[in-house]
Every structure is written in structure tokens, then in C-alpha cells.
> 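One structure, as C-alpha cells, below. Some questions next.
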Amino acid sequence: MNYYKITIGILTLLYALFIFSFPSSYYNDDALFLVRGIDNFSIIDFSPHFPGYPFIILAGKFINIFVNNSTSSLFILSSICAILLPCILYLYTEKLSNERTAFVVFILSISSPYLVNLSLSMLSDSVGLFFLFLGLYFFEINKNKTSGIIFSIALFSRPSYLIFYIVGLIYLYIVRRSDLKQLFIWFSISTCLLYTSDAADEEDSVD
């Protein structure tokens, strides 16, 4: 029996109950713009503002099918990503180092006040960070196709993380060039699909 993972599961559940005890609230205008985008996507009308955050809008619209409240949909999406972020950090660190070090990383991240801010702010940061580290985890276990897709989701959740991808691309070219082609192909395919969905959604809004 792995006591580390049992503890992680219990703490994650308790943290989730703590976060969802708060009401969904706008702490920033950007959260309002994202909610408006879930209701009616139009970059021109700042719903949301440029560059549109297509994955967050698409995921928010999907959740909204069941919730029928765009504010709650965004809150659920951004909060769940923040709640699960320490678990992903644990898995990624475990692959890079060992289980004990990974558990320390988990404890430090789940106890951080910044994580509470990520969980409640209803912004794109938590979604972008979650998928960024999820992509790194899959890359570390040599799932290059899956990693490419997830990196694309991360980029279209938080486009300002572009600098991370540029640095990562340089690293891959120098250190793991053999993995670069497959990852880049699937990253490009996913990017095109998300961009097409984004454009189609905006056309529907204009019509």
C-alpha cells in the first residue's frame, strides 16, 4: 500500500471541498470577459479579449451544457485544474527524482496561498499551468503524441506561456532531437483544430 498516494488523495479531496465551499466571484475583469466568451464568443466585443483563449471557451461551453450557468462553468474548470495541479506536480517530480521528493513538492504546492488564488480567481492561469505540467509529465514517460496535443491545449489556455514553449523547443532540439518531430506534428495538428474551432465559434457569434 502506497501511503504517499493515499495521503495525496485525501488531502486533494479535502482541498477540493474547501475550494468549492466558496462562491464563484469575479476578482478580475478578465474573469468576466471569459464568462462572457462562454455565453457569446466574440474577441471584438471582449468576450473574451484577444487572443480569445479558445480551449477555455470550448471547455467552458461543454461544462455549461450540464451546469447552465457560465460563471459556475468557468469556476468549475479553473478550480478543478488548480486543485489537481499539485497531483500533476507530484507525478512529474516522481519521474524526475523520487517519491519522497515528489511528496514534498506536493505538500509545498497544495499548502501555498498562491494555489488558493489560482483556485478562486477564475482566470486562465490554473488551466494553462495544469496542462503545461501534464504535457511535461507525458513527455517524460515518452508519450510524445499525447504530450504534443496537451501542450497545444496549454498554449491555447494561456497564450502568454509561449516563452516556455520556445525555451522547450530549443531544449528539445539540443538534447532530445529524436522526440521533436512527433511532438511537433501533433502539437501543430491540435493547434490547427483549436484555431479552426475558435474561428468557427466567432463566425457563429457574428451571424
> Heavy-atom distance under 4.5 Å between the side chains of Leu155 and Tyr161, does that happen here?
no

> Which class fits the ring pair Phe62 and Phe66: parallel under 30°, tilted 30 to 60°, perpendicular over 60°?
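The rings of Phe62 and Phe66 stand perpendicular, inter-plane angle above 60°.
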
> Taking everything shown except Phe33 itself, do over 12 heavy atoms lie less than 6.0 Å from its CZ?
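More than 12 within 6.0 Å, yes.
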
> Would Tyr4 and Phe103 satisfy ring pair (Phe, Tyr, Trp, His ring centres under 6.0 Å), going step by step from the backbone distance to the final call?
CA-CA 7 Å; Tyr4 283 127; Phe103 185 71; 4.9 Å; yes

> Does OH in Tyr27 sit with more than 12 non-hydrogen atoms of other residues, nucleotides or ligands closer than 6.0 Å?
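For Tyr27, atom OH is crowded (more than 12 foreign heavy atoms under 6.0 Å).
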
> Are the ring centres of Phe75 and Phe20 closer than 6.0 Å?
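Aromatic pair counts; centres sit under 6.0 Å.
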
> Tell me the closest heavy-atom pair linking Gly135 and Phe151, and the distance in Å.
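Taking every non-hydrogen atom into account, C-CZ, 3.5 Å.
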
> May I ask whether Tyr114 and Ile88 are part of the same hydrophobic cluster, defined by side-chain heavy atoms of I, L, V, M, F, W, Y residues being less than 4.5 angstrom apart, directly or through others?
yes

> Should Ser109 and Leu85 count as side-chain neighbours, where that means a heavy-atom distance under 4.5 Å?
no

> Apply the side-chain contact (heavy atoms from CB on, under 4.5 Å) test between Phe106 and each candidate in Leu91, Thr101, Thr12; give the one that qualifies.
Thr12

> Would you give the length of the straight line joining atom OG of Ser124 to atom CG of Leu34, rounded to the nearest 0.5 angstrom?
6.5 Å

> With a 4.5 Å limit on heavy-atom distance, are the side chains of Tyr137 and Ile150 in contact?
no

> Could you tell me if the side chain of Ile56 sits less than 4.5 Å from the side chain of Leu74, heavy atoms only?
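Side-chain contact under 4.5 Å: yes.
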
> So Phe18 and Leu13, do their side chains get closer than 4.5 Å, heavy atoms only?
no

> Val127 versus Tyr53: any side-chain heavy-atom pair under 4.5 Å?
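The answer is no, as the side chains (C-beta and beyond) never meet within the 4.5 Å cut-off.
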
> Report yes if some heavy atom in the side chain of Arg158 is under 4.5 Å from a heavy atom in the side chain of Leu129; otherwise report no.
no

> What I'd like to find out is whether the side chain of Ser121 reaches to under 4.5 Å of the side chain of Asn28, using heavy atoms alone.
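SC-SC contact between Ser121 and Asn28 ruled out.
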
